[in-house]
Structures are given as C-alpha cells and as structure tokens.
Amino acid sequence: MAKAFSDEEKEQIRIRMMETALDLFHDKGTKSLSIQELTRRVGIAQGSFYNFWKDKDALVLDVMRFRSKQKLRLIENRMEESLADPAGFLAETIYVYSVDLMKKGREQPTYAQSFELLLRAEPDAENRVGVVYRDFLEKLSAYWKAHGVVEAVDVQGLVNVFTGSFVLFANAVQFDPEYFDGILRTFIQNAVSQYIKRKEDRQDEHVIEF
C-alpha cells in the first residue's frame, strides 16, 4: 500500500518528482519515461505516484507548467525594464519565449511530445495552455499600475496572446518557413498592444488637431 504523506511532504515530493522527470525526459523522451524508474530515483513506492497524478500524461503537463513558471520567475526579476515600454517589453518576452520553445521542439523530442499533449488537453481551467501565464501577467499588470505607467490591462486578453503564440509555433510546420517568423512577431506585437492601455494613450484621445 502506498504511504500517506502530509501536505508539506506531498509538495516536496511532487517538486522532486518533476525535477527528476525533467532529467529523465531529456535522457529518454516523454514516451519512454518509466514510472517505476521515476519513483525509484525519488525514493518512494511506485504506487505512490498515483497520489500525485492520475497517469504519465498528467505528469508531463505539470512538468511543462513547472518549467514555464521557472522561466517566468527569471523574467519577473527584470520587470523594471518594462516600465519604459510595457507593451514592447511583453511582446518581446512572448516572442523570445515562443522562439525558444519552438527551437526546443525541433531539437528535443521531449518538447515536441509535450506540445502534442498540451494541444490535446481538455480545455478546462486547469489544463488550458495559457493558465500557467496568468500569475506572471497579473504580477506584471500590478507592477505597471503601481508605477503609474498603464491605465488598464486586460490580463485575460494577454493570457490568450500566450495561448495564441503557442498554437502558432506548435503548428509552425503548416507555414512557409520564410514567412513564419514575421507572422509570429506581428501577431504577438499587435495582440499585446490591444490589451495594454498606457496613460498617455488616454491623453492622446483628447488631443484635438487643427
């Protein structure tokens, strides 16, 4: 029988399992991941895996979210850079992030397999691609408002920009290669600008030209 863990123990073990799974993914790919090997490396009974995830696909989805949150925390350390041009900063962040993931998807089967799972995931609140970015975008929005550089931010709209960029690069093979980069960048820049309203934008609305 699998051991019962306290909530604190479960969270510690869950993080260890995801970190270990990342190492195994890079070695073997997601399809060859063995739950038996994963639990052995972490030092828990194989049956304890199901205290955390219902199956291997659920683990893969959580690992992708876990890795994304790690990267977004690094970007949070650079939020001061966004004050001069909030929309430009975020658009470039999403673009670079998307290109990096697209490159990994081409070079590492693990990422390509994970993209397939994400695209097949049920579109509920927990599994939607953009959900992982909401906390980051809410922090960024609050930071901009606290520093008085924005009038309004549509966080849900920006969540959907992240989702849209993911859908685009996950299906990049459908585009002519020489056009794709420009399409991706244009989509991100135009979409982001729709959902961030700077204070000077509001002032410009009241300017009367003669």
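In this chain, residues are counted from 1 in sequence order.
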Q) Which residues pass the side-chain contact (heavy atoms from CB on, under 4.5 Å) test with Gln12, sequence neighbours left out? A) Glu8
Q. Under the side-chain contact (heavy atoms from CB on, under 4.5 Å) test, which residues partner Thr93, sequence neighbours left out?
A. Ile75, Phe89
Q: Mind listing the closest non-hydrogen atom pair of Val167 and Asn171 along with its distance?
A: O-ND2, 2.7 Å
Q: Please work out whether the ring planes of Phe162 and Tyr133 are parallel, tilted or perpendicular, with thresholds of 30° and 60°.
A: parallel
Q: With sequence neighbours excluded, tell me which residues meet side-chain contact (heavy atoms from CB on, under 4.5 Å) with Thr39.
A: Met17, Ile35, Ile44, Gln46, Phe49
Q. With hydrophobic residues grouped by side-chain heavy-atom distances under 4.5 Å, do Leu74 and Phe136 end up in a single group?
A. no
Q) Without hydrogens or angle criteria, can the side chains of Arg67 and Gln70 be said to hold a donor-acceptor pair below 3.5 Å? A) yes
Q: Taking side-chain contact (heavy atoms from CB on, under 4.5 Å) as the test, write out the residues that go with Ala142, two or more places apart.
A: none
**Q.** Interatomic distance, Ser82 atom OG to Leu90 atom CG [nearest 0.5 angstrom]
**A.** 8.5 Å
Q | Closest approach of Ala172 to Met102 (non-hydrogen atoms, all atoms of both residues) | A | CB-SD, 3.8 Å
Q: For side-chain contact (heavy atoms from CB on, under 4.5 Å), just list the numbers for Ile15 and Phe66, CA-CA rounded to whole Å, side-chain angles, deciding distance to a tenth of an Å, and then say yes or no.
A: CA-CA 9 Å; Ile15 291 173; Phe66 177 69; 4.1 Å; yes
Q | salt bridge (charged side-chain N to carboxylate O under 4.0 Å, His left out) involving Lys139 - partner list, sequence neighbours excluded | A | Glu76
Q. Of all residues at least two apart in sequence or in a different chain, which pass the side chain to side chain donor-acceptor pair (under 3.5 Å) check with Lys71?
A. Asp100
Q: Could you pull out all residues at least two apart from Tyr50 that satisfy ring pair (Phe, Tyr, Trp, His ring centres under 6.0 Å)?
A: none
Q | Minimum heavy-atom distance between Ala91 and Ile188, given as atom pair plus value | A | O-CG2, 3.4 Å
Q: Report yes or no: do Phe180 and Val173 belong to one cluster of Ile/Leu/Val/Met/Phe/Trp/Tyr joined by side chain heavy-atom distances under 4.5 Å?
A: no
Q: List the steps, then state whether side-chain contact (heavy atoms from CB on, under 4.5 Å) holds for Met18 with Phe52.
A: CA-CA 11 Å; Met18 287 192 291; Phe52 302 89; over 6 Å; no
Q | Straight-line distance of Ser68 OG to Arg73 CZ, nearest 0.5 Å | A | 10.5 Å
**Q.** Heavy-atom pair with the smallest gap, counting every atom of Ala87 and Val192
**A.** O-CG1, 3.6 Å
**Q.** Exercise: identify the closest heavy-atom pair between Val150 and Lys145
**A.** CG2-CG, 3.6 Å
Q. Is there a side-chain contact between Met79 and Trp144 (heavy atoms, below 4.5 Å)?
A. no
**Q.** CD1 on Ile94 to CG on Leu158, rounded to 0.5 Å
**A.** 6.5 Å
Q. Which atoms form the tightest heavy-atom contact between Arg41 and Thr20, and what is the distance?
A. CB-CG2, 3.9 Å
Q. Restricting to pairs with a member in residues 46-56, which pass salt bridge (Lys or Arg N to Asp or Glu O under 4.0 Å), not counting sequence neighbours?
A. none
Q. About how many Å separate CG of Asn160 and OG of Ser165, when rounded to the nearest 0.5 Å?
A. 10.5 Å
Q.
Using the salt bridge (charged side-chain N to carboxylate O under 4.0 Å, His left out) criterion, which residues pair with Asp154? Sequence neighbours excluded.
A. none
Q: Just jot down the salt bridge (charged side-chain N to carboxylate O under 4.0 Å, His left out) partners of Lys69, sequence neighbours excluded, or say none.
A: none
Q | salt bridge (Lys or Arg N to Asp or Glu O under 4.0 Å): pairs with one or both residues in residues 173-191, sequence neighbours excluded | A | Glu92-Arg185
Q) Mind checking what makes salt bridge (charged side-chain N to carboxylate O under 4.0 Å, His left out) contact with Glu19, not counting sequence neighbours? A) none
Q | Rounded distance [0.5 Å steps], CZ in Phe169 versus CZ in Phe187 | A | 11.5 Å
